[in-house]
Amino acid sequence: MSTSSASAEVSMDAIVSLCKRRGFIFQSSEIYGGINGFFDYGPLGVELKKNIRDCWWNDMVRRRDDVVGLESSIIMHPKVWEASGHVAGFTDPLIDCKVSKQRYRADQLFFAAVVVNGETIGYVSALENERTTEELQEKAEALKRKKAVQGQLAAVQPRDMTEAKPEEIALVPSPATGEPGSLTPPRAFNMMFETFVGPMRDSSAVAYLRPETAQGMFADYKNVVDSTRVKLPFGIAQTGKSFRNEITPRNFIFRSREFEQMEMEYFIHPDADWLKCHEEWLAWCQNWLKSIGLPADHLSLHEHPKEKLAFYSRRTVDIMFKYPFGVQELWGIAARSDYDLQQHQKCSGVPQVYFDEATKQKVVPHVIEPAVGVDRILLAVLCAGYAEEEIKDDKGNVEKRVVLRLSPRIAPVKVAVLPLLKNKEALVGRAKELYKKLQRRYAVSYDDGGAIGKRYRRQDEAGTPWCVTIDFDTIEKDGTFTLRERDSMQQKRISEAELFALLEEQVY
RNA sequence: GCGGUCGUAGUUUAGUGGUAAAACCUCUGCCUUCCAAGCAGGUGUCCCGGGUUCGAUUCCCGGCGACCGCACCA
């Protein structure tokens, strides 16, 4: 038996299909036609996702002395989101030009009526810049000439499109085409999901589903400082669902409207070397991704250019992953300065300080934030691990093998226990005994259906790193069984003790 | 949100104005001493809602969903 190398290009269709076929990921509410941007994790998917989350939690929280955990509520006081800037930042009204397909922020697109002899003869528009008014005036004069209207042209009165009346919008020319009639009314693209707390649906009851978990850590910063014995620098970490009303969810689970984040806010002294700290966390995150099996050659870095940094950020570097649909952001490591704590201090009136014993001064810490999406990591390990191989059997027949090369750390099933023959009670009995014993510590699977080769292939598609097969030698001779390795398809005989030692070493 | 393409078993695909097919998967039984073997049997499909028609999975309209571009992604 020999194998050829895996096909270079992995198609998303193949991965989506495998996910459904084997029970990793389903489209949400499929029996009702599906709902755009929402997904369900099936039996294998939920194990994989939980393993990713647990690995992160163990490495980020339990195995570190300087990071503590938190689970904050999904719905928080609406003022949290005013303080964070999300209420203002997520509600820009946008205008589309139906002809040019351009999209404009309504508050950045200006228009003015062209008035000659007190009569409106048309409208002009211009994008916001240093000389918007002059530009509008020039366009107004041009329009007057074009329409060959005689008389006194009034000075233009620029207004932005948020103030435009519906009948005016129809007459304002698109900046792209110069022709009226193609602009849509300003539409609020509110990225936050709104809901109502309590049974009364009035405006005072409006609340939001969190668009990030970070604010929970900031809002509870003081509680953590006061209830634990943390000293700067320290981190607060949490995993949990976040919600964003994305305009266009796309690329399977990559951009969805309900997703799960793993974020950690690392609080440092304002005088500390934040750049160095930022670099350290960047390295930590890269190493962690490798530890769960992502190949280094699929990872790259993207430094956000200074002019494009979010208002709270001093520096942001994204760890990018090469997905089949392109190189995309996986993990953002942002230096958030003291923006968030300062905002909450200001808006709540509660000091968000830390008492520095060394200098006897109260300081507001700065923050380094590594923020990653569980779903994006999960998709990355699926894309990196998926392979279709050409297998040649002993007779020279070529057949296809689909295999998911998942790290043992995160594989949904660690070991499959297989009796070589289903109709031999002794084999089945021993296999079930081992299965039960493994089950106490590991996610394992038992399979006695069909031929042995078929069962191996079934486990390959599930990403199970090892299969053990109980045969007559196991029960009649030395008790060893066959260990079959997923990636190499190599087999060797090992004892039960050796199996547990292997798992102890590889699954952590 | 716009434009294009598309929507048939779990998956991948045939096909039709007269209610539909194959392969693989899955399930049951037999067999089987290590890589999707064989034999027998079973479950299961035309995205949803209107319209045209004697009759719609097929044609038309609307919706929903998917993919690809554009735009968006504090």
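Within every chain, numbering begins at 1; the chains are lettered A, B, ... in the order of the sequence lines, protein sequences first and strands thereafter.
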**Asked** Ignoring hydrogens and angles, are the base of B/rA74 and the side chain of A/S84 linked by a donor-acceptor pair under 3.5 Å?
**Response** no
**Message:** I'd like to know if A/R484 reaches the base of B/rC35 with its side chain such that a donor and an acceptor end up less than 3.5 angstrom apart.
**Reply:** yes
**Prompt:** Where the side chain of A/T482 is defined as all heavy atoms beyond and including C-beta, which of B/rG1, B/rC34, B/rU11 is the nearest nucleotide?
**Reply:**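 Shortest atom-to-atom distance from the side chain points to B/rC34.
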**Item:** Watson-Crick or G-U counterpart of B/rC64, or none if no pair lies under 3.5 Å
**Value:** B/rG7
**Request:** With a 3.5 angstrom cut-off on both distances, give the Watson-Crick or G-U wobble partner of B/rU43, or none if there isn't one.
**Result:** none
[N] OP1/OP2 closer than 4.0 Å to side-chain N/O of [X]:
X      : N      : value
A/K20  : B/rG10 : no
A/N36  : B/rC64 : no
A/Q491 : B/rC35 : no
A/R458 : B/rU26 : yes
A/K422 : B/rG29 : yes

**Message:** Tell me if the CD atom of A/E425 is crowded by more than 12 foreign heavy atoms within 6.0 Å.
**Reply:** no
**Message:** Pick the closest RNA chain B nucleotide for A/R21 and for A/N251 by heavy atoms, then say which residue is nearer the 5' end.
**Reply:**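 Nearer the 5' end of the strand: A/R21.
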**Item:** Position toward the 5' end of RNA chain B (nearest nucleotide), A/F472 or A/E461
**Value:** A/F472
**Message:** Please verify the inter-ring angle class for A/Y221 with A/F267; under 30° counts as parallel, over 60° as perpendicular, anything in between as tilted.
**Reply:** tilted
**Message:** Would you call the rings of A/Y442 and A/F500 parallel, tilted or perpendicular, taking 30° and 60° as the class edges?
**Reply:** tilted
**Asked** With a 4.0 Å cut-off on heavy atoms, is A/E30 in touch with a base, just the backbone sugar-phosphate, or nothing at all?
**Response**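 No contact at all - A/E30 keeps every heavy atom at 4.0 Å or more from the nucleic acid.
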**Asked** Just checking, is any N or O donor in the side chain of A/T480 or A/D478 under 3.5 Å from an acceptor N or O on the other one?
**Response**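 There is such a pair (donor and acceptor under 3.5 Å, judged by atom type) between the side chains of A/T480 and A/D478.
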**Request:** Could you tell me the separation between the CG atom of A/D447 and the C1' atom of B/rC34, rounded to a whole number of Å?
**Result:** 14 Å
